[in-house]
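Nothing here was measured: the structure is a model prediction, and the numbers come from that model.
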Amino acid sequence: MELQLALDLVDIPGAKEIVNEVADYIDIVEIGTPIVINEGLRAVKELKEAFPSLRVLADLKIMDAGGYEVMKASEAGASIITVLGVSDDSTIRGAVEEARKQNTKVMVDMINVKDIEQRAKEIDQMGVDYICVHSGYDHQAAGISSFEDLLTIKRVVNRAKTAIAGGIKLSTLPQVIAAGPDLVIVGGGITGQDDKRAAASQMKQLVSQV
Ligand SMILES: O=C(CO)[C@H](O)[C@H](O)COP(=O)(O)O
């Protein structure tokens with residue numbers, strides 16, 4: 001099981017500062033959608049240059065033009081690029097096709113997908129690398145978690161790796177780990193702590209036991 005740090009509410013220098021603190025304990029660093037909106041794919045490029053041994057995920061949440069956007073993020077140095085599960089099949093297939101050419105990977109974010117079971121089965125057949133259940137900030141504010149959705153995709157996804165994101169804290173991590181995702185994505189559970197290094201270290205220790 002791997003640990004991904006999600007960075008959302010920082011600029012490029014702020015992102016580098018946090019990764020410097022926790023790089024020993026994370027497998028993947030995510031350049032979150034707000035950073036890409038504020039700073040562009042330059043953020044992906046600079047983080048990859050600063051931390052070449054880490055995989056960088058570009059959280060573009062692609063909804064259209066999957067091939068083109070995967071190409072641009074891959075050229076910037078991303079190893080994994082996100083596409084929305086609510087997108088048209090052609091967008092997801094285009095993203096996968098381009099990722100194969102670029103030797104990068106596609107993660108499908110299932111945020112706002114209504115029928116998780118049915119859509120996860122369909123997407124699993126499209127050759128994506130990860131299927132991620134996600135309770136976004138707006139759902140978190142409404143008290144919605146994606147834990148049940150994780151159990152669903154664990155049941156029906158055979159090919160892709162499974163991931164979970166959204167409000168995961170040290171206190172909820174053991175329950176998440178017990179469900180057996182391949183990848184756990186944590187943002188505020190690390191970045192919101194006074195001692196980010198200690199938080200990341202404790203989380204890495206837990207996910208590494210599996
Ligand atoms: O993609 C995101 C929001 O859309 C976040 O990166 C993701 O939810 C992880 O962050 P947190 O652990 O703070 O919820």
Side-chain angles (χ1 to χ4, degrees), residues 1-62 68-84 95 98-99 102-109 111 129-130 132 134-138 140 161 163-170 172-173 176 181-208:
M1 194 177 293
E2 292 193 307
L3 181 63
Q4 175 174 313
L5 170 70
L7 297 172
D8 286 290
L9 305 175
V10 286
D11 56 12
I12 294 173
K16 287 182 184 170
E17 204 174 302
I18 294 175
V19 178
N20 254 325
E21 274 187 73
V22 305
D24 291 342
Y25 305 114
I26 61 173
D27 301 290
I28 301 168
V29 59
E30 168 187 331
I31 300 302
T33 320
I35 302 184
V36 177
I37 287 169
N38 292 332
E39 310 259 18
L41 286 171
R42 196 166 55 90
V44 171
K45 189 169 185 294
E46 286 202 23
L47 266 288
K48 185 63 190 176
E49 282 170 1
F51 303 95
S53 62
L54 283 179
R55 281 168 282 161
V56 175
L57 177 141
D59 190 17
L60 301 192
K61 295 188 174 74
I62 294 170
Y68 179 77
E69 295 186 3
V70 164
M71 177 179 72
K72 299 314 281 182
S74 303
E75 287 171 356
S79 296
I80 310 171
I81 303 101
T82 61
V83 179
L84 293 179
E98 183 62 27
Q102 300 281 347
N103 200 22
T104 53
K105 296 191 184 306
V106 167
M107 175 183 289
V108 171
D109 184 334
I111 190 168
D129 301 283
Y130 295 87
C132 178
H134 184 192
S135 162
Y137 293 144
D138 296 339
Q140 288 177 43
K161 291 186 173 173
I164 178 167
I168 298 168
K169 307 276 181 265
L170 193 55
T172 53
L173 187 56
V176 167
D182 297 292
L183 175 66
V184 178
I185 301 170
V186 181
I190 293 174
T191 61
Q193 305 304 308
D194 289 337
D195 190 341
K196 299 173 189 36
R197 189 171 167 83
S201 162
Q202 286 170 298
M203 288 190 168
K204 180 62 179 171
Q205 204 179 343
L206 290 174
V207 302
S208 300

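- Put simply, the residue from Glu21, Glu49, Glu46 that forms a salt bridge (Lys or Arg N to Asp or Glu O under 4.0 Å) with Lys16 is Glu46.
- Residue Val29 forms a side-chain contact (heavy atoms from CB on, under 4.5 Å) with just one option from Val22, Ile18, Val56, and that option is Val56.
- Note that CD1 of Ile31 and CD of Glu39 are 9.5 Å apart. Values are rounded to the nearest 0.5 Å.
- Within a 6.0 Å radius of NZ in Lys45, no more than 12 heavy atoms belonging to other residues, nucleotides or ligands are found.
- When atom types are taken as modelled, the side chain of Asp109 and the backbone of Leu84 share no donor-acceptor pair closer than 3.5 angstrom.
- A heavy-atom distance below 4.5 Å is found between the side chains of Leu41 and Leu60.
- Note that the NZ atom of Lys61 and the OG1 atom of Thr33 stand 3.0 Å from one another [nearest 0.5 Å].
- Note that the CG atom of Leu3 and the CG atom of Leu173 stand 8.0 Å from one another [nearest 0.5 Å].
- Salt bridge absent: Arg197 and Asp195 never bring a charged side-chain N and a carboxylate O closer than 4.0 Å.
- With a 4.5 Å cut-off on side-chain heavy atoms, Lys105 and Leu57 do not count as touching.
- Heavy atoms only, all atoms of each residue included: Gly136 and Ile111 are closest at CA-CD1, 3.9 Å.
- Residue Ile35 holds its CD1 atom at 6.5 Å from CG of Asp8, rounded to the nearest 0.5 Å.
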Side-chain donor-acceptor pairs under 3.5 Å in residues 73-81, sequence neighbours left out?
residue : atom : partner : partner atom : Å
Ser74   : OG   : Val70   : O            : 2.6
Ser74   : OG   : Thr104  : OG1          : 3.0
Glu75   : OE1  : Lys72   : NZ           : 3.3

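- Pairing each heavy atom of Val44 with each of Ala58, the nearest pair is CG2-CB, 3.9 Å.
- Atom NZ of Lys161 is surrounded by 12 or fewer heavy atoms from other residues, nucleotides or ligands within 6.0 Å.
- The minimum heavy-atom distance between Gln193 and Ala199, with the atom names listed, is CG-CB, 3.7 Å.
- Taking both residues in full, the closest heavy atoms of Leu7 and Ala15 are given as CD1-CB, 3.7 Å, listed atom of the first, atom of the second, then distance.
- Annotation: the span from Lys169 atom NZ to Met203 atom CE amounts to 7.5 Å, rounded to 0.5 Å.
- Atom CG of Asn103 is surrounded by 12 or fewer heavy atoms from other residues, nucleotides or ligands within 6.0 Å.
- Annotation: the span from Glu30 atom CD to Asp59 atom CG amounts to 4.5 Å, rounded to 0.5 Å.
- Pairing each heavy atom of Ala6 with each of Ile185, the nearest pair is CB-CG2, 4.0 Å.
- Leu47 has its side chain within reach of Ile12: a pair of non-hydrogen atoms, C-beta onward, lies under 4.5 Å apart.
- Checking side-chain atoms of Thr82 against main-chain N and O of Met107 turns up no donor-acceptor pair under 3.5 Å.
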